[in-house]
There are 2 protein chains.
Amino acid sequence: MKPETRKEEIIRVAAKLFKEKGYSAVTMRDLAKAMGIKAASLYNHINSKQDILNAIIINLAEEFTAGMKLVQSSGENCIGKLNRIIELHVRISSQNIYGMASLNNDWMHLEEKLDYYQRLRIDYEDDFRAILKQGITSGEIVDVNPEVMMFSILTTLRSLYLWIPKKEELNLEELSNTLNQILIKGINK
Amino acid sequence: MKPETRKEEIIRVAAKLFKEKGYSAVTMRDLAKAMGIKAASLYNHINSKQDILNAIIINLAEEFTAGMKLVQSSGENCIGKLNRIIELHVRISSQNIYGMASLNNDWMHLEEKLDYYQRLRIDYEDDFRAILKQGITSGEIVDVNPEVMMFSILTTLRSLYLWIPKKEELNLEELSNTLNQILIKGINK
DNA sequence: CAAATAAACTAACACTTGTTAGTTTAATCT
DNA sequence: AGATTAAACTAACAAGTGTTAGTTTATTTG
């Protein structure tokens, strides 16, 4: 593990502040104070406030996309793929508690990167939906509206960051298993 | 139905803008432009930007609290109460698509009303948890970690506002039924 | 018609915003 | 030791912020 650069440190601290107050409510002076320096000094390391948000969100979105591609090529059946998607979200969310807040709540402030983010998001949902539909066709899962199924599962998974920090006693493997029971058993035939 | 006052109209339009960009990113000049007047004119009707947010969030939070009290006194069994809670969220969310965004994403900017809001929220979750635990004790629902169950169900219900507007073809009763199948069948014995 | 009221307006305020320019300090390389 | 570089600093900017004061306009009421 190479040590964190100053730029990475700024982005990490920014993500924490963005989670607490949202991107728009965090000023560069707030961020500087949290770093123990003056606002102008931040610009030795980053180009703009906007670039910090871009880095946080796009890195995460690409990580989810890469994870989905692995799931698709895993050769598992539908239920197995859904299990893997749950594990994917549990892992990324637990490693990026702060960044996930920006991904969920501040993506609309992306500006130049907005179109690219939305493309990744739509593709991810298309891939997810395809897995569900294939599972319905093959008779693996119950024939319920796949949009509602996807919404229910994805919303829960996308909000894990809100909840994981409150439950230190629960280990992540146990969390994956419990979510699997709750989210998947209800649609498994 | 009495006609909407100018103040109510401002709050309604503000909620819409808050959903699109978040409370902090919406300026009083943005709101005025959306109303077709100048920013200063808003103050003939409202006391402050803060008061608009308070009105949006606290009204909704109290509506949820009142709904939960009705569910508690309904005399239904655990599964029946959970069904009613789903219907409660579907109803309130579909009637307050914009306000629900503020409730979920901008509650941290409440200031004076923050403690009161958090009290309502904690009480609501305590009531919800009590229903689940009682269901586990009575053998009505599966013995899975009730925290994870509650998180999964509540997160989905709290995010309905994101999704209802995209699915005009799905009527609300059908939505309640489908959610009931997905969220509850997985924990029903 | 006169008076009262609701609701808009213009102008301005004190403060905060992201960012730039230029400079100083301390550590690292040759 | 001298040169380079990383990373902080002070000072300032132009624009935007929520809000207030005082005024005008149009509608409603007595």
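As the structure is a computational prediction, the values presented were derived from the model and not from experiment. Lettering follows sequence order; numbering is per chain, from 1.
- Using a 4.0 Å cut-off between a side-chain N of Lys or Arg and a carboxylate O of Asp or Glu, B/E62 and B/K113 do not qualify as a salt bridge.
- Across the protein-nucleic acid pair, B/E111 atom CD and D/dG18 atom C1' stand 12 Å apart, rounded to whole Å.
- Listed by residue number, the members of residues 46-53 of chain B with any heavy atom below 4.0 angstrom from DNA chain C form an empty set.
- A donor-acceptor pair shorter than 3.5 Å cannot be found between the side chains of A/T155 and B/T155.
- Contacts of B/K38 classified as side chain to side chain contact (heavy atoms under 4.5 Å, CB included), with partners at least two apart in sequence or in another chain: B/S41.
- Chain A approaches DNA chain C over the interval C/dT17 to C/dA21, counting the first and last nucleotide 5' to 3' with an atom under 4.0 Å from its heavy atoms.
- Ring geometry, B/F64 versus B/H89: the interplanar angle falls from 30° to 60°, so the pair is classed tilted.
- Take B/S24 and apply the side chain to side chain contact (heavy atoms under 4.5 Å, CB included) test, not counting sequence neighbours, and it matches A/S24, A/A25, B/H109.
- No salt bridge links A/D115 with A/R119; every basic N to acidic carboxylate O contact stays at or beyond 4.0 Å.
- Ion pairing between a basic and an acidic side chain is recognised when a charged N comes within 4.0 Å of a carboxylate O; A/D126 and A/R129 show such pairing.
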Next on the checklist: Pair A/R84, A/E87 - check salt bridge (charged side-chain N to carboxylate O under 4.0 Å, His left out), show working.
Outcome noted: CA-CA 5 Å; A/R84 284 189 174 234; A/E87 286 164 10; 5.9 Å; no

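- Contacts between residues 23-39 of chain B and DNA chain C, counted as heavy-atom distances below 4.0 Å, involve B/R29, B/I37, B/K38.
- The existence of a salt bridge linking B/E125 and B/R158 is confirmed by a sub-4.0 Å separation between a basic side-chain nitrogen and an acidic carboxylate oxygen.
- Between B/L17 atom CG and D/dT17 atom P there is a gap of 13 Å when expressed in whole angstrom units.
- By the ring-ring contact (aromatic ring centres under 6.0 Å, His included) test, B/H45 pairs with no residue at all, sequence neighbours left out.
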